[in-house]
Amino acid sequence: MLRIWKKAQRFSKLYGYPSLIPRYIGLRARWFWMLVGKPVTRPRLRRWLRGKGPHILNLAGADILIEGVLTVDIFCPMAHAVVDMTEPLPFPNDSIDAIFCEEGIEHIPKQAGISLLQECFRVLKHTGSIRISTPDLDFFCSHALEGNRCDEINEVFYGHHHRYLYTRAELERVVSEASFTEIKQSYYQDPDTALGALDSHADRFRHPPEISQYLEAIKPAR
């Protein structure tokens with residue numbers, strides 16, 4: 001009972017009492033959160049957009065809440081707001097300063113990923129940055145060829161609900177075709193990039209950072 005009370009207190013502090021009950025129920029019934037999450041969190045999105053910024057978006061961030069960053073997700077009631085990556089992003093043109101998408105784009109089909117990148121380009125301000133990390137298909141293919149690593153490569157494809165894995169060249173290509181420029185390969189928690197300090201997936205899931213690729217790009221100036 002004490003644990004439930006503490007969680008309720010945290011929810012009320014983060015989001016206020018009006019959304020406390022639906023968020024708490026959503027932790028136990030995903031179908032319920034999928035039904036009510038968007039209307040429940042829409043006021044939070046509006047307040048954030050009206051704020052002075054900078055407006056940094058953590059896309060598909062689950063429950064990773066970062067100071068000064070809006071975390072959005074479709075499934076997790078602990079995220080600040082519900083946003084579906086397979087639909088148009090609910091933000092005006094040129095309204096977001098930076099977008100961070102850690103280990104998210106591989107969970108949607110390729111065409112949806114291409115559409116997502118186009119949406120990210122639309123909502124970013126000019127000279128705004130995007131950082132994408134996603135499993136590195138080059139890494140897994142090279143490991144599979146080194147020896148009997150069939151289990152490893154099948155696990156990364158099917159064990160984590162992944163829909164499309166990118167080689168480094170393919171990710172660069174689709175990011176470029178979405179009109180981003182200054183595309184650069186990076187590495188985990190790269191201090192010389194705009195958003196590398198936000199990387200946390202390898203630490204949270206205790207996997208080697210090199211199994212993922214890290215890419216940053218810019219929406220060019222007008």
Side-chain angles (χ1 to χ4, degrees), residues 14 27 54 56-81 83 85-86 96-110 112-113 116-117 120 124 128-175 178 180 182-218:
L14 284 171
L27 285 174
I56 302 172
L57 182 65
N58 180 18
L59 190 58
D63 59 351
I64 306 306
L65 306 182
I66 306 165
E67 183 70 27
V69 177
L70 184 81
T71 294
V72 300
D73 197 90
I74 189 173
F75 296 123
C76 181
M78 286 299 290
H80 294 126
V83 170
M85 292 193 299
T86 66
I96 307 298
D97 293 281
I99 296 175
F100 179 68
C101 185
E102 185 177 44
E103 308 292 325
I105 196 171
E106 69 275 8
H107 290 280
I108 59 179
K110 184 180 183 182
L116 172 65
L117 290 170
C120 288
L124 268 176
S129 298
I130 184 171
R131 182 175 180 86
I132 301 168
S133 69
T134 185
D136 185 356
L137 188 53
D138 292 326
F139 173 91
F140 287 101
C141 287
S142 65
H143 268 230
L145 293 172
E146 286 175 3
N148 185 18
R149 309 295 286 268
C150 286
D151 289 348
E152 181 181 81
I153 199 165
N154 277 280
E155 172 65 16
V156 75
F157 267 105
Y158 304 113
H160 302 278
H161 306 290
H162 292 160
R163 299 296 302 276
Y164 190 89
L165 299 185
Y166 296 81
T167 62
R168 293 190 174 207
E170 185 64 7
L171 184 61
E172 285 192 23
R173 186 186 70 80
V174 295
V175 169
F180 287 98
E182 299 184 41
I183 300 168
K184 297 178 181 178
Q185 292 289 343
S186 181
Y187 58 88
Y188 190 65
Q189 297 181 346
D190 184 352
D192 296 322
T193 57
L195 299 169
L198 301 183
D199 294 341
S200 67
H201 195 273
D203 291 328
R204 286 185 286 114
F205 290 92
R206 300 180 181 179
H207 67 73
E210 59 268 22
I211 72 173
S212 296
Q213 56 177 308
Y214 308 86
L215 178 149
E216 282 207 14
I218 300 292

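All heavy atoms count here, side chains included; hydrogens, waters and symmetry mates do not.
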**Message:** Nearest 0.5 Å, please: how far is OG1 in T193 from CZ in R131?
**Reply:** 4.0 Å
**Message:** Exactly one of L57, I105, L59 should register a side chain to side chain contact (heavy atoms under 4.5 Å, CB included) with C120. Which one does?
**Reply:** L59
**Message:** Using every non-hydrogen atom in the two residues, find where F140 and I211 come nearest and quote the distance to one decimal.
**Reply:** CE1-O, 3.5 Å
**Asked** So, S212 and E103: side-chain donor and acceptor under 3.5 Å apart, yes or no?
**Response** yes
**Asked** What heavy-atom pair brings P109 and Y164 nearest, and what distance separates the two atoms?
**Response** C-CB, 4.5 Å
**Prompt:** In Å and rounded to the nearest 0.5 Å, what is the CE to CG distance from M85 to L116?
**Reply:** 6.0 Å
**N58 side-chain N/O to I64 backbone N/O, donor-acceptor pair under 3.5 Å** = yes
**Request:** Would you please indicate if the ring centroids of H207 and H201 are separated by under 6.0 Å?
**Result:** yes
**Fill in**
Interatomic distance, CD1@I132 vs CD1@I183, rounded to 0.5 Å, equals 9.0 Å
**Request:** Output, in order, the C-alpha distance, side-chain angles, deciding distance and verdict of side-chain contact (heavy atoms from CB on, under 4.5 Å) for F180 and I130.
**Result:** CA-CA 9 Å; F180 287 98; I130 184 171; 3.7 Å; yes
**Prompt:** If only atom types and distance count, is the side chain of D136 paired as donor or acceptor with the main-chain N or O of Q213 below 3.5 Å?
**Reply:** no
**Asked** Counting only heavy atoms not in R163, do more than 12 sit closer than 6.0 Å to its CZ atom?
**Response** no
**Item:** Whether Y214 side chain and P209 backbone form a donor-acceptor pair below 3.5 Å
**Value:** yes
**Complete:** All heavy atoms of P135 vs all of V156, minimum pair found to be CB-CG2, 4.3 Å
**Prompt:** Hey, is the main chain of S129 close enough, under 3.5 Å, to the side chain of E216 for a donor-acceptor pair?
**Reply:** no
**Request:** Calculate, to the nearest 0.5 Å, the distance between atoms CG and CD belonging to D203 and Q189 respectively.
**Result:** 5.0 Å
**Prompt:** So how far is it from H107 NE2 to F75 CZ, rounded to the nearest 0.5 Å?
**Reply:** 9.5 Å
**Message:** Under a 3.5 Å distance rule, please check whether H80 uses its side chain to pair with a backbone N or O of V72 as donor and acceptor.
**Reply:** no
**Prompt:** To the nearest 0.5 Å, how far apart are CG in L70 and CD1 in I96?
**Reply:** 8.0 Å
**Item:** Side-chain heavy-atom pair L137, F157 within 4.5 angstrom cut-off
**Value:** yes
**Request:** Could you pull out the closest heavy-atom pair between E102 and S200, with the gap in Å?
**Result:** OE2-N, 2.8 Å
**Asked** Going through the distances and angles, do Y166 and K110 end up as a side-chain contact (heavy atoms from CB on, under 4.5 Å)?
**Response** CA-CA 9 Å; Y166 296 81; K110 184 180 183 182; 4.3 Å; yes
**Request:** Indicate yes or no for a side-chain donor-acceptor contact from E106 to the backbone of G104 under 3.5 Å, with no hydrogens or angles considered.
**Result:** yes
**Item:** Any donor-acceptor pair under 3.5 Å from D199 side chain to Y188 backbone
**Value:** no
**Message:** Using every non-hydrogen atom in the two residues, find where A112 and T86 come nearest and quote the distance to one decimal.
**Reply:** CB-CG2, 4.3 Å
**Request:** Would you name the heavy atoms of V175 and A217 that are closest together and state the gap between them?
**Result:** CG1-CB, 3.9 Å
